[in-house]
Enquirer: 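Below you will find the structure I want to go over with you.
Atoms within each ligand, like the ligands themselves, are counted from 1 in listed order.
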Amino acid sequence: MANPLYDTLFGAHDGAPAPFLHLPDGGIVSHAAFLARARAFAHALTGLGLEPGDRVAVQVEKSADALALYAACAQTGLVFLPLNTAYTPAELDYFVGNSGAGLLVSTDEAAPALAELAGRHGAAHLTLGTDGTGTLADLAEGQPDSFPTVPRDETDLAAILYTSGTTGRSKGAMLSQKNLLSNARALADLWRFGSSDVLLHALPIFHTHGLFVATNIALLTGGSMILLPKFETDAVLEALPKATAMMGVPTFYTRLLADPRFTSETCANMRLFVSGSAPLLAETHRAFEARTGHRILERYGMTETNMSTSNPYDGERRPGTVGLPLPGVEVKVCDDQGTELPRGEIGVLEVRGANVFEGYWRMPEKTAEELRPDRFFFTGDLAVQGDDGYVTIVGRAKDLIISGGFNVYPKEVEEALDALPGVAESAVIGVPHPDLGEAVVAVVAAEPGQSPEPAALTAALDGKLARFKQPKTILVTDALPRNTMGKVQKAALRATYATLFA
Ligand code: MLC
Ligand code: AMP
């Protein structure tokens with residue numbers, strides 16, 4: 001195949017009149033119309049002088065055009081680099097600079113701040129709205145209807161997704177065509193997706209879950225998606241009766257359960273609910289089954305590995321577990337040295353397969369730290385595998401908080417807090433939260449004689465850190481608890497504040 005990703009996910013549906021997207025305003029975009037739009041974007045992109053392999057950084061709201069831009073990057077061999085819409089210009093500055101992006105596409109609203117930023121990094125800047133507007137759309141106007149797909153290999157990069165680390169700056173996870181295609185094929189097959197499926201899509205499209213797991217499966221199988229701008233309970237309740245499948249983070253399911261209008265009737269047309277990106281409580285699984293008769297199918301993955309394990313479609317969907325390794329994916333539970341432990345023992349989960357990424361963008365040392373020479377990837381998740389193969393994620397060896405499915409690295413928040421006046425040091429922890437699973441909480445030790453106000457500290461973080469990373473609560477204290485080695489005892493802090501949001 002000349003360009004496996006484009007040909008398989010997109011080109012295969014060229015000219016198909018079947019719906020691809022059901023839009024919030026009732027509009028329908030057919031596969032054929034979607035691809036025509038993508039071709040016009042492809043002309044616009046290449047017209048800027050971008051070459052295959054160049055990075056296209058994209059921070060736009062969710063829309064049909066945003067997905068067409070993804071398709072256009074695939075067709076032109078450009079590397080798609082989606083960015084969380086919550087990131088501040090200060091955060092974006094790093095991503096654009098580090099990736100060496102040739103183009104930054106933003107919303108119209110962000111353009112005044114981002115045009116200068118792009119220019120400083122030598123990147124072009126375009127805008128894209130949710131309603132067919134923007135300077136990218138202007139460039140696409142009147143372009144020819146055909147575009148010669150740029151040949152690419154399965155080993156060529158399709159996307160870079162930035163992911164934070166426990167130390168240092170964010171790292172760009174390089175995902176090849178093979179990584180994305182192998183995973184889409186495995187999941188579509190395992191979860192029985194077909195052209196008659198209607199996937200309710202309420203996830204953001206700048207992460208693995210919403211972009212690759214959800215969208216690539218629908219594209220691969222020629223199905224359609226109800227494209228909601230975000231998760232809002234009312235809109236989801238209205239759309240569910242028209243859908244056959246939904247994918248979500250656990251917060252989606254707890255929010256649905258919290259609404260008495262959500263019943264088995266709402267789900268009458270549904271065949272599958274998938275959960276991932278954060279742990280689904282066994283009690284949520286059970287409450288969902290009791291309410292709807294559906295057993296949520298939980299799977300496990302990561303930006304670097306795409307999806308690695310899944311509960312079965314037909315077999316037992318076991319609450320509290322993330323199921324079995326996907327076909328073609330090997331997993332092992334290891335000690336710190338990478339030596340495999342006997343079944344039933346807790347260790348760090350390592351993963352190998354065509355799903356595993358190619359390394360971190362221009363960071364060979366970081367890549368070597370996490371991707372072993374035999375290509376097993378060190379996930380940093382603590383797991384146990386039973387004799388029957390089922391994997392349970394029991395914790396994290398990495399200092400990471402997952403809030404509503406978004407990752408927050410405490411170190412990044414601590415560094416921002418420690419730099420503020422009146423703060424001697426800080427410890428940022430995840431505390432159980434009924435809606436978000438975990439909420440970010442900061443415990444701040446004041447400089448002697450100082451008493452920084454939590455509200456002032458929060459205000460000072462604005463503009464530096466995306467809102468979802470900012471602590472929901474900041475507690476000011478005299479000193480942080482330390483062990484005899486002088487290390488801050490985060491476990492003790494987590495225990496102290498365990499019921500803060502109960
Ligand atoms: C929004 N806010 C959050 C938040 N999302 N705060 C903490 N954690 C979150 N996840 C903040 C906003 O900044 C805002 O703050 C306030 O909450 C309300 O904003 P909102 O936009 O109205 O939020 P809401 O709609 O409630 O969003 C919650 C959510 C959303 C759970 C629906 O975060 C979401 O869609 N999460 C999915 C994330 C996801 O797709 N993860 C996949 C990663 S891929 P303020 O202060 O301004 O009011 C991956 C691999 C894998 O992990 O395995 O899948
Ligand atoms: P990200 O780096 O955003 O891709 O987040 C990946 C992390 O999300 C994993 O390393 C896990 O810690 C977590 N995760 C994903 N799916 C699950 C799941 N089903 N159960 C528990 N944790 C999960």
Enquirer: When rounded to the nearest 0.5 angstrom, what is the spacing between CD1 in I296 and CZ in F252?
Expert: 12.0 Å
Enquirer: For atom 6 (C) of ligand 2, what's the nearest protein heavy atom and its distance?
Expert: M302 CG, 3.4 Å
Enquirer: Regarding atom 12 (O) of ligand 2: of the candidates V249, T303, T208, D381, which has the closest heavy atom?
Expert: D381
Enquirer: Would you say K469 touches ligand 1, if touching means a heavy atom closer than 4.0 Å?
Expert: no
Enquirer: Within the structure provided, determine whether D65 and T130 are in side-chain contact (heavy-atom separation under 4.5 Å).
Expert: no
Enquirer: I'd like to check which ligand 1 atoms, numbered from 1 as shown, lie under 4.0 Å from a non-hydrogen atom of S403.
Expert: 7 (C), 8 (N), 9 (C), 10 (N)
Enquirer: In the complex you have, is atom 49 (C) of ligand 1 within reach of the protein, judged by whether a heavy-atom distance drops under 4.0 Å?
Expert: yes
Enquirer: Do you see a protein non-hydrogen atom under 4.0 Å from atom 19 (O) of ligand 1?
Expert: no
Enquirer: Which residue owns the protein heavy atom closest to atom 13 (C) of ligand 2, what's the atom, and how far is it?
Expert: I402 CD1, 3.4 Å
Enquirer: With heavy atoms under 4.0 Å as the rule, classify the contact between S275 and ligand 2 as side chain, backbone, both or neither.
Expert: neither
Enquirer: Is it the side chain, the backbone, both or neither of L280 that has a heavy atom closer than 4.0 Å to ligand 2?
Expert: neither
Enquirer: Among protein heavy atoms, which sits nearest to atom 34 (C) of ligand 1, and what does the distance come to when rounded to 0.1 Å?
Expert: G404 O, 4.0 Å
Enquirer: Decide whether the shortest distance between a heavy atom of K398 and an atom of ligand 2 is less than 4.0 Å.
Expert: yes
Enquirer: Would you say the side-chain atoms of N311 pair up with the backbone N or O of T321, donor to acceptor, closer than 3.5 Å?
Expert: yes
Enquirer: Out of G323, G301, S308, who is nearest to atom 15 (C) of ligand 2 when you count heavy atoms only?
Expert: G301
Enquirer: Do the side chain of S63 and the main chain of A66 share a donor and acceptor less than 3.5 angstrom apart?
Expert: yes
Enquirer: Tell me the protein heavy atom at minimum distance from atom 21 (C) of ligand 2, and give that distance in Å.
Expert: P279 N, 3.4 Å
Enquirer: Between R317 and Y313, is NZ or CZ placed under 6.0 angstrom from the six-membered ring centre and within 45° of the ring axis?
Expert: yes
Enquirer: Between K472 and D435 (salt bridge meaning N to carboxylate O under 4.0 Å), is one present in this structure?
Expert: no
Enquirer: Is the shortest side-chain N to carboxylate O distance from E91 to K469 below 4.0 Å?
Expert: yes
Enquirer: Return the residue, atom name and 0.1 Å-rounded distance of the protein heavy atom closest to atom 42 (C) of ligand 1.
Expert: S277 OG, 3.3 Å
Enquirer: Is it true that R261 and D259 make a salt bridge, defined as a side-chain N closer than 4.0 Å to a carboxylate O?
Expert: yes
Enquirer: Are any non-hydrogen protein atoms located under 4.0 Å from atom 38 (C) of ligand 1?
Expert: yes
Enquirer: Side chain or backbone of L436 under 4.0 Å from ligand 1, or both, or neither, by non-hydrogen atoms?
Expert: side chain
Enquirer: Any idea which part of S277 is under 4.0 Å from ligand 2, heavy-atom wise: side chain, backbone, both or neither?
Expert: backbone
Enquirer: Can a cation-pi geometry be assigned to K366 and Y360, taking NZ or CZ under 6.0 Å from the six-membered ring centre and within 45° of the ring axis?
Expert: no
Enquirer: Report yes or no: is the cationic atom of R169 (NZ for Lys, CZ for Arg) under 6.0 Å from the centre of the six-membered ring of Y162, at an angle within 45° of the ring normal?
Expert: no
Enquirer: Does T8 reach the side chain of Q177, with side-chain heavy atoms less than 4.5 Å apart?
Expert: no
Enquirer: Which protein heavy atom lies closest to atom 2 (O) of ligand 2, and at what distance to 0.1 Å?
Expert: N407 ND2, 2.8 Å
Enquirer: To check your reading of the model: name the closest protein heavy atom to atom 47 (O) of ligand 1, its residue, and the distance in Å.
Expert: R467 NE, 2.9 Å
Enquirer: Strictly under 4.0 Å, does any heavy atom of V322 approach an atom of ligand 2?
Expert: yes
Enquirer: Among E298, H209, E304, which one has a heavy atom closest to atom 20 (N) of ligand 2?
Expert: E298
Enquirer: Distance to 0.1 Å, residue and atom name: give those for the protein heavy atom nearest to atom 35 (O) of ligand 1.
Expert: P204 CD, 3.6 Å
Enquirer: With a 4.0 Å heavy-atom cut-off (strictly under), which part of E438 contacts ligand 1: side chain, backbone, both or neither?
Expert: neither
Enquirer: To which protein heavy atom is atom 4 (C) of ligand 1 closest, and what is the distance rounded to 0.1 Å?
Expert: F468 CB, 3.9 Å
Enquirer: Indicate the ring-plane relationship of F262 and F288, choosing parallel, tilted or perpendicular according to the 30° and 60° boundaries.
Expert: tilted
Enquirer: Just to be sure I'm reading this right: ignoring hydrogens, which of G405, S275, A86, A202 gets closest to atom 41 (N) of ligand 1? Compare them by their nearest heavy atoms.
Expert: G405
Enquirer: Provide the closest heavy-atom pair for A442 versus L417 in the form atom of the first, atom of the second, distance.
Expert: CB-CD1, 3.5 Å
Enquirer: Just checking E289: does its CD atom have more than 12 heavy atoms from other residues, nucleotides or ligands closer to it than 6.0 angstrom?
Expert: yes
Enquirer: Relative to the heavy atoms of L203, which atoms of ligand 1 are at a distance of less than 4.0 Å?
Expert: 40 (O)
Enquirer: How close does the nearest protein non-hydrogen atom get to atom 6 (N) of ligand 1, and which residue and atom is it?
Expert: K472 NZ, 2.9 Å
Enquirer: Would you indicate which of H207, R299, K230, M307 comes nearest to atom 23 (O) of ligand 1 when only heavy atoms are counted?
Expert: K230
Enquirer: Can you check which of F231, Y300, F406, F212 brings a heavy atom nearest to atom 33 (O) of ligand 1?
Expert: F406
Enquirer: Just jot down the ligand 1 atoms closer than 4.0 angstrom to any heavy atom of G301, in number order.
Expert: 53 (O)
Enquirer: I want to know whether F212 and F80 have ring centres closer than 6.0 Å.
Expert: no
Enquirer: Does atom 14 (C) of ligand 1 have any protein heavy atom closer than 4.0 Å?
Expert: no
Enquirer: Angle class for the Y253/F273 ring planes (parallel below 30°, perpendicular above 60°, tilted otherwise)?
Expert: perpendicular
Enquirer: Could you check whether R352 pairs with E340 (Lys NZ or Arg NE/NH1/NH2 to Asp/Glu carboxylate O, under 4.0 Å)?
Expert: no
Enquirer: Heavy atoms only: which of R255, H433, E304 is nearest to atom 27 (O) of ligand 1?
Expert: R255
Enquirer: Run Y497 and T473 through side chain to side chain contact (heavy atoms under 4.5 Å, CB included) and show every step you take.
Expert: CA-CA 11 Å; Y497 298 112; T473 300; over 6 Å; no
